[in-house]
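Here the structure comes first, spelled out in structure tokens, and everything after it is commentary.
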Amino acid sequence: MAFLKRELYRQVKGPEITHEDRCFLVFDTDTKSLYVEREVAHLETGTGGTIEYQTATMDIADYLTQGGQTAGHRELWRLLRALFNEDRDGAGSSCEI
């Protein structure tokens, strides 16, 4: 199973309590599915050094309709615009079958 990942967003807070939030655009080459994966890690460096780690996946449309416009949203929009960019004459690209 191969996954192609492109980081969309990363936010790290610390130093005593470290919180990391990352989002990736993921393409699963086996199932041919494209989705957003969010990883959240929270490390308590005090007593015991406990770590909490969560991963969630969501449809691209669901991710883009979440409240607010984060750096991850802006990066995904930038990638989508680049992918579907019109050619120089404004006619757009076409796919021949």
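Note that the coordinates shown come from a computational prediction; the quantities given were computed from them, not determined experimentally.
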Atom pair [atom1]/[atom2] of [X] and [Y] - distance to nearest 0.5 Å:
| X | Y | atom1 | atom2 | result |
| --- | --- | --- | --- | --- |
| Leu25 | Leu4 | CG | CG | 9.5 Å |
| Ile60 | Thr65 | CD1 | OG1 | 12.0 Å |
| Leu34 | Asp28 | CG | CG | 10.0 Å |

Just wondering, do [Y] and [X] contact through their side chains at under 4.5 Å, heavy atoms?
| X | Y | value |
| --- | --- | --- |
| Gln66 | Met58 | yes |
| Glu7 | Arg22 | yes |
| Gln11 | Thr70 | no |
| Thr57 | Val26 | no |
| Thr55 | Val40 | no |
| Leu79 | Arg6 | yes |
| Leu43 | Thr50 | no |

Problem set entry | Glu37/Lys5 salt bridge by N-O under 4.0 Å criterion |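 Counted as a salt bridge, because a side-chain N and a carboxylate O are separated by less than 4.0 Å.
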Problem set entry | Shortest non-hydrogen contact from Thr31 toward Ser33 |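 Residues Thr31 and Ser33, closest heavy atoms: OG1-OG, 2.8 Å.
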Problem set entry | Check against side-chain contact (heavy atoms from CB on, under 4.5 Å), Phe24 and Arg38 | CA-CA 6 Å; Phe24 297 91; Arg38 182 175 182 206; over 6 Å; no
For this session: Please confirm whether Tyr9 and His73 have ring centers closer than 6.0 angstrom.
Result: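 Ring centroids of Tyr9 and His73 are no less than 6.0 Å from each other.
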For this session: Establish whether Val36 and Tyr53 are linked, either directly or via other cluster members, by ILVMFWY side-chain heavy-atom contacts under 4.5 Å.
Result: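 Different hydrophobic clusters.
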Problem set entry | Derivation and outcome, side-chain contact (heavy atoms from CB on, under 4.5 Å), residues Leu76 and Tyr63 | CA-CA 10 Å; Leu76 182 53; Tyr63 177 72; 3.7 Å; yes
Exercise. Run the side-chain contact (heavy atoms from CB on, under 4.5 Å) check on Leu80 and Leu64 step by step: do they pass?
Worked result: CA-CA 11 Å; Leu80 291 171; Leu64 289 173; 4.0 Å; yes
Exercise. For Asp21 and Arg10, what are the C-alpha separation, side-chain angles and deciding distance, and is it a salt bridge (charged side-chain N to carboxylate O under 4.0 Å, His left out)?
Worked result: CA-CA 6 Å; Asp21 186 357; Arg10 177 189 302 223; over 6 Å; no
Exercise. Any donor-acceptor pair under 3.5 Å linking the side chain of Thr29 with the backbone of Phe3?
Worked result: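 No: the side chain of Thr29 does not pair with the backbone of Phe3.
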